[in-house]
**Student:** 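Structure in structure tokens, see below.
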Amino acid sequence: MTVQEKINALREELNNHNYNYYVLDNALITDFDFDVKIKELEKLEIENPAFFDSNSPTQRVGGEITKNFETVAHLNRMYSLDNSYSKEDLLDWEKRVQKMLGTSEVKYSCELKFDGASINLTYENSQFIKAVTRGDGFQGDDVTNNVKTILSIPLSITKDFVSNFEMRGEIILPLHGFNKMNEERVENGDEEYRNPRNTASGSLKLQDSAEVARRPLDCLLYQVVTSERKYKTHFESLENARKAGFKVPDTIALATSIDKVFDFVNYWDVKRHDLPYETDGVVIKVNNLQQQEELGYTAKAPRWAIAYKFKAEQVSTILNEITYQVGRTGAITPVANLEPVQLAGTTVKRASLHNADQIEKLDIRVRDTVFVEKGGEIIPKIIAVDFTKRLENSEPTKYATNCPECNTELVRTEGDAKHYCPNEFGCAPQITGRIQHFISRKAMDIEGLGGETVDLLRKEGLIENYADLYDLKVEQVIPLERMAEKSAQNMIDGILKSKNIPFEKVLFALGIRFVGETVAKKLAKHFKSIDKLMTSDFETLITVDEIGDRIAQSILDFSSNLGNIQLINRLKLHGLQLEVSAASIENQTNKLEGQVFVVSGVFHQMSREELKKAIEDNGGKVSTSISKKTNFIIAGDNMGPSKLTKAQDLGVEIISEQDFINKIN
Ligand code: AMP
Ligand code: ZN
């Protein structure tokens, strides 16, 4: 066997193992044996770089960093779907279809509507080329590096199938994996992810593909798009896609009439709760591809398909108690503690009640029987009280007056939906929460220190605020439970390293109420230093773009607090970045001051993100939608036709990428 043959044989074998494990759920070898073979292949590939192949199974562990996801035009538009909610809607749709086709000989493919992020996989000559999100349907983001780490997606097709095609599908997070991720987050003191769908689509946009590889994502496929006329029906094309290695769920079924479709709907309305992933409905498609072509598309959806949405499931149960949670900013969230009840496949014990107004609106009281519903969110909602079951001696709920953690009297400022515990520096969950926020990834990004350790450090009396972190010594940390010398050192190194984190992130890390990531960026850019920010008055603050009364007041409150002033001074002494660095001020101008830009299409010299940054660096503003306020549209290739019409209607000036570059140089 030549080296090349050996490499090819190993690749095929490993692909086959991935297929058996991730698609068929049927492992043929142990993880250990798999690793041995991957290492063997890796070694051969390193020794023989001429046989490099980006689709090799060794190229799927991630590691590429994508700073900006490039916008890419879809070869074929990715449409949305029309919705239906009743059997009548479906019968109407069938009538329209039969009328347009002039026949009642129509078969339907019934599929589950997978709840995730749509993806378009392009294959050329049976090789995976790229993965692009749906975006606006005309163009999406190139997320190839991230999608490649999903091991159920074949990168190289060796079986009989069409050779140039797009596979459309949904990237999902199966429930098991999602719950596991959340368990870990709770352990680290991070906020739980709300639902699998958002987490799946968020995962696609992570910059580090190695992090994506760690997430238990999967990809379910539901459409083959190709100009090769090998298959006559949609069902047949999917059956063959499955044989070729794609994960096409076998829940798909054929129906000869809407009545049969409805049997499918009714069956899955109940059985969906046993599935390992979430579905929010059924998609019905005309099966014959010739007929699909005849039916064509409306402005936004195919006429040959329709979605049917399941109704959200409701149950009733008893409200045992209302408790109150204190968040890191002191915000109080009332929680309904329910008599445990089965809902949509899980046991529900708690539901959020949001705030005092919500409790009043529902007129919800302890011992009431309440209706609970599970919508798109993992945390269920209380829809209403069953007043027919209210106990005679029931009394209206009195909202908490004092903090459940520190007993300080709660405050509620006008216009705020929530109550707050004002004891910022003495209330345990606020102290811990503020430090946990400070060290989090999007803030100071301190490696080697997790939320749980912060809690421990505080309980042990080693830290009371984030400035204390910078005084920590390895010797103090080592005696802590489960802390080895190496991890203690890593932690201290991580803390020291964070002194280089740029000002805008430090500003976000401080945890000033209402100052999120974006606002922190705006403030950093405008004021350039913490001193200038903290000495500004209300009038100056609200002149800053997007800073309203509420944020301005919150900054004033923060700045006038003696404790905060001391903290900031200590951070300064420790050498944190409390002003923008010279390097980031460079290249910034006011050339585009007061001008609003919309960026649309695919560009050649700069990426979309680079364009946006250039606009902002030169004092301009980027907006996502075209309005009367828009001054310029920078149009690239394949700008969406609806945007073009709107721009022309409003008389907004359309300029090219080159025009823009000339403007700023
Ligand atoms: P909507 O986002 O409500 O317009 O619904 C359209 C989306 O449903 C598509 O973009 C797909 O991402 C998604 N979808 C999920 N399952 C299917 C399926 N079996 N067939 C077609 N689309 C599906
Ligand atoms: Zn408190």
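Keep in mind that what you see is a predicted model, and the values were worked out from it rather than measured. Ligands are counted one by one from 1 in listed order, and the atoms in each one are counted from 1 as well.
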**Student:** Would Leu81 count as a polar contact of ligand 1, with the cut-off being nitrogen or oxygen pairs under 3.5 Å?
**Tutor:**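 The answer is yes, given that Leu81 and ligand 1 share an N or O pair closer than 3.5 Å.
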
**Student:** How far is atom 3 (O) of ligand 1 from its nearest protein heavy atom, and which residue and atom name does that atom have?
**Tutor:**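 Answer, as residue, atom name and distance: Lys113 NZ, 3.6 Å.
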
**Student:** What protein heavy atom sits nearest atom 20 (N) of ligand 1, and how far off is it?
**Tutor:**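 Residue, atom and distance for the closest contact: Lys285 NZ, 2.8 Å.
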
**Student:** With heavy atoms under 4.0 Å as the rule, classify the contact between Glu111 and ligand 1 as side chain, backbone, both or neither.
**Tutor:**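 For Glu111, only side-chain atoms sit under 4.0 Å from ligand 1.
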
**Student:** Is the Phe235 to Tyr231 ring centre distance short of 6.0 Å?
**Tutor:**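 Centroid distance Phe235-Tyr231: not below 6.0 Å, so no.
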
**Student:** Distance under 6.0 Å and angle within 45° of the ring axis: does Arg434 meet both against Phe425?
**Tutor:**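 That pair qualifies as a cation-pi contact.
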
**Student:** Using a cut-off of 2.8 Å, count how many protein N, O or S atoms are strictly closer to the Zn ion (ligand 2).
**Tutor:**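 The number of such protein atoms is 4.
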
**Student:** Taking 4.0 Å as the limit for heavy-atom contacts, which would you say applies to Tyr222 with ligand 1: side chain only, backbone only, both, or neither?
**Tutor:**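 The part of Tyr222 near ligand 1 is the side chain, not the backbone.
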
**Student:** Under 4.0 Å from a heavy atom of Ser80: give me the atoms of ligand 1 that qualify, with their elements.
**Tutor:**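 Selected atoms, number and element: 4 (O).
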
**Student:** Kindly indicate whether a cation-pi arrangement holds for Arg513 with Tyr420, taking the cut-offs as under 6.0 Å to the six-membered ring centre and within 45° of the axis.
**Tutor:**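 Pair Arg513/Tyr420 counts as cation-pi.
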
**Student:** Nearest 0.5 Å, what's the CG-CZ distance between Leu91 and Arg96?
**Tutor:**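 It comes to 11.0 Å.
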
**Student:** Counting only N and O atoms by type, is there a donor-acceptor contact under 3.5 Å from the side chain of Arg60 to the main-chain atoms of Lys148?
**Tutor:**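 Yes; judged by distance alone, with no hydrogens or angles, the pair exists.
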
**Student:** Which of the numbered atoms in ligand 1 are under 4.0 angstrom from any heavy atom belonging to Ser118?
**Tutor:**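 The atoms of ligand 1 under 4.0 Å from a heavy atom of Ser118 are 10 (O), 12 (O).
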
**Student:** Can you find an N or O of Phe114 that's nearer than 3.5 Å to an N or O of ligand 1?
**Tutor:**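 Yes - when backbone and side-chain N and O of Phe114 are compared with those of ligand 1, one distance drops under 3.5 Å.
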
**Student:** For the pair Arg272 (side chain) and Asp269 (backbone), establish whether a donor and an acceptor sit closer than 3.5 Å, ignoring hydrogens and angles.
**Tutor:**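 Checking the backbone N and O of Asp269 against the side chain of Arg272, a donor-acceptor pair under 3.5 Å is found.
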
**Student:** Using heavy atoms and a threshold below 4.0 Å, how should the contact between Arg134 and ligand 1 be classified: side chain, backbone, both, or neither?
**Tutor:**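 For Arg134, the contact with ligand 1 is made by the side chain alone.
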
**Student:** Evaluate the ring planes of Phe246 and Tyr123, with Trp represented by its six-membered ring, and classify them as parallel (under 30°), tilted (30 to 60°) or perpendicular (over 60°).
**Tutor:**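 Ring orientation of Phe246 relative to Tyr123: perpendicular.
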
**Student:** Could you tell me whether a side-chain N or O of Arg303 sits under 3.5 Å from a main-chain N or O of Tyr297, the two making a donor and an acceptor?
**Tutor:**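 Yes; judged by distance alone, with no hydrogens or angles, the pair exists.
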
**Student:** Could you tell me, atom by atom, which parts of ligand 1 come under 4.0 Å of a heavy atom of Leu112?
**Tutor:**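 With Leu112 as reference, the close atoms of ligand 1 come out as 16 (N), 18 (C), 19 (N).
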
**Student:** Look at the rings of Trp93 and Tyr108 and say which category their plane angle falls in: under 30° parallel, 30 to 60° tilted, over 60° perpendicular.
**Tutor:**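 Geometry flag for Tyr108 against Trp93: tilted rings.
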
**Student:** Please classify the Met78 to ligand 1 contact at 4.0 Å (heavy-atom distances, strictly less than): side chain, backbone, both or neither.
**Tutor:**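 It is neither; nothing of Met78 touches ligand 1.
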
**Student:** With rounding to the nearest 0.5 Å, note down the distance linking CG in Leu567 to CG in Asn465.
**Tutor:**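 Answer for the CG-CG pair, Leu567 versus Asn465, is 4.5 Å.
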
**Student:** Keeping Asn146 on the side-chain end and Val212 on the backbone end, is there a donor-acceptor pair under 3.5 Å?
**Tutor:**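 Judged by distance alone, no pair lies under 3.5 Å.
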
**Student:** Polar-atom distance check: Glu170 versus ligand 1, any N or O pair below 3.5 Å?
**Tutor:**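 Yes.
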
**Student:** Within 45° of the six-membered ring axis of Phe262 and under 6.0 Å from that ring's centre, is NZ or CZ of Lys87 located there?
**Tutor:**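 The answer is yes, since Lys87 meets both limits relative to Phe262.
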
